[in-house]
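All values below come from the heavy atoms of this structure, side chains included, with hydrogens, waters and symmetry mates left out. Just follow the structure's listing: the first ligand is 1, and inside any ligand the first atom is 1.
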Amino acid sequence: MENKELRTAVIGVGSLGRHHARNHAELVREGKTEFVGVCDVNEETARKIAAENSCDYFTDWRELLDKVDAVSIVTPTETHSEIACAFLEKGVHVLVEKPIARTLAEADLMTRAAEKSGAKLMVGHLERYNPAMVALRPHVTKPLYFEIHRVSPFPNRALDVDVVLDVMIHDLDAINWLVDSKVSEIRAVGIPVISDKVDAANARIEFENGAVANITASRIGTEKIRKTRFYQTNSYVVLDYATKFASVTSLAPNAIHPLLGISINRLEINDVEPLRAEIEAFVNCILKDETPPITAEDGRRALDLALGVLDKIEKHRSLLKV
Ligand SMILES: NC(=O)c1ccc[n+]([C@@H]2O[C@H](COP(=O)([O-])OP(=O)(O)OC[C@H]3O[C@@H](n4cnc5c(N)ncnc54)[C@H](O)[C@@H]3O)[C@@H](O)[C@H]2O)c1
């Protein structure tokens, strides 16, 4: 496909979608695509973001069905499946934000629509494009035990979703990706503190290959923490998504004494905006007719695990009576 043939649009230009729009507009300046427009049910928002990016605006995504070849869908999660299926059925390639959908059944509808038309369906698990993760990925061998903390001050967005589907899902996708084994057991606790949804949660996830992940996610912290530490054979890994830091500490082969042989390898970071890298990967998989780097199956696995964690939280809450 000639680059210029790829007409793109962004559906939903709220707090994250406006950054999708900016990045799509930048790709146009590089001659890669044609950015047709943005769509938002809030007309004022749509008009403002369109003006910032020199494109048309729409308030009903259906108007774009015959005008584009690829879309970013950045609307609230409960709308993902309906909007994505309509575009996929038309053969339009879709990059849908995480979580892929609200339910596994909705995710399956999206997968089937993509398979039927041959359109690409990619899921926006953005942390895979964090420069620290990009630098670290080639050093990951066989993670055995994770300690993960993702804490934020209380947001004024996404309060219709619990902390598991909103933020823990980033780490659930990461462990699925890095461990690459089936989940064998989930234990979890979570409580609402400020909203009526779960605001803080902890999950212990075991995989069939023996790996264990202990994950804490909270949106009622006093500081922003995005830290993952894990142990794999002969090395200890630190990954900080917030400061874009990654290091691998290992024992030099043939060291006479462990303390003398320890080396800390602070990985070199290529500081590309993660969303830019994600959108470019989406466009490239279309132009090269390749499998999307984050598939619908990846998105479904992360959702399945998140729903499993929520189920355990609900069971535990009934014991706590909160
Ligand atoms: N990957 C990440 O790191 C990340 C971060 C934040 C949000 N998200 C995901 O992005 C999505 C949007 O989140 P947000 O924080 O930007 O929400 P938001 O509420 O700030 O923005 C959503 C926008 O979609 C618009 N909208 C709602 N229904 C629509 C429809 N039917 N057609 C067109 N526009 C519609 C709203 O008017 C709003 O402007 C969610 O799925 C969320 O989970 C992902």
Chemist: Based purely on interatomic distance, does D166 place a nitrogen or oxygen under 3.5 Å from a nitrogen or oxygen of ligand 1?
Modeler: no
Chemist: Examine ligand 1 and decide if any of its atoms is less than 4.0 Å from a heavy atom belonging to H170.
Modeler: yes
Chemist: Evaluate L16 for polar contact with ligand 1, using N/O atom pairs at a separation under 3.5 Å.
Modeler: yes
Chemist: Looking only at distances, please establish whether an N/O atom of ligand 1 is found under 3.5 Å from an N/O atom of S15.
Modeler: yes
Chemist: For the OG atom of S117 and the CZ atom of R112, what is their distance to the nearest 0.5 Å?
Modeler: 13.5 Å
Chemist: Look at the rings of F230 and F146 and say which category their plane angle falls in: under 30° parallel, 30 to 60° tilted, over 60° perpendicular.
Modeler: tilted
Chemist: State the atoms of ligand 1, each with its element, that fall below the 4.0 Å cut-off from a heavy-atom position in P99.
Modeler: 43 (O)
Chemist: At less than 4.0 angstrom from any non-hydrogen atom of W61, what atoms of ligand 1 do you find?
Modeler: 32 (N)
Chemist: Among K244, R150, K98, find the one that has a salt bridge (Lys or Arg N to Asp or Glu O under 4.0 Å) with E127.
Modeler: R150
Chemist: Under the criterion salt bridge (Lys or Arg N to Asp or Glu O under 4.0 Å), I'd like the reasoning laid out for K120 against D289: C-alpha separation, chi angles, the key distance, then a yes or no.
Modeler: CA-CA 9 Å; K120 314 276 182 203; D289 194 17; 2.7 Å; yes
Chemist: Where the closest heavy atom to atom 30 (C) of ligand 1 is concerned, which of V13, L126, V41 has it?
Modeler: V41
Chemist: Which ligand 1 atoms does G124 reach within 4.0 Å, using its non-hydrogen atoms?
Modeler: 1 (N)
Chemist: Is there a heavy atom of A46 sitting under 4.0 angstrom from any atom of ligand 1?
Modeler: no
Chemist: Under a 4.0 Å N-O cut-off, is there an ion pair linking R62 with E82?
Modeler: yes
Chemist: Any pair with a residue in residues 118-141 that passes ring-ring contact (aromatic ring centres under 6.0 Å, His included), sequence neighbours left out, goes on the list, sorted by first then second residue, please.
Modeler: none
Chemist: Do any nitrogen or oxygen atoms of T79 come within less than 3.5 Å of a nitrogen or oxygen of ligand 1?
Modeler: no
Chemist: Which of the atoms of ligand 1 are close to P76, meaning less than 4.0 Å from one of its heavy atoms?
Modeler: 22 (C), 24 (O), 26 (N), 27 (C), 28 (N)
Chemist: Does K98 approach ligand 1 within less than 4.0 angstrom via side chain, backbone, both or neither, non-hydrogen atoms only?
Modeler: both
Chemist: Quick one: does H80 get a heavy atom under 4.0 Å from ligand 1?
Modeler: yes
Chemist: Could you tell me whether E273 and R22 make a salt bridge, using a distance below 4.0 angstrom between a side-chain N and a carboxylate O?
Modeler: yes
Chemist: Between atom CG of L27 and atom CD of E34, what is the distance when rounded to the nearest 0.5 Å?
Modeler: 13.0 Å
Chemist: Under 4.0 Å between a side-chain nitrogen and a carboxylate oxygen: does that hold for K67 and E63?
Modeler: no
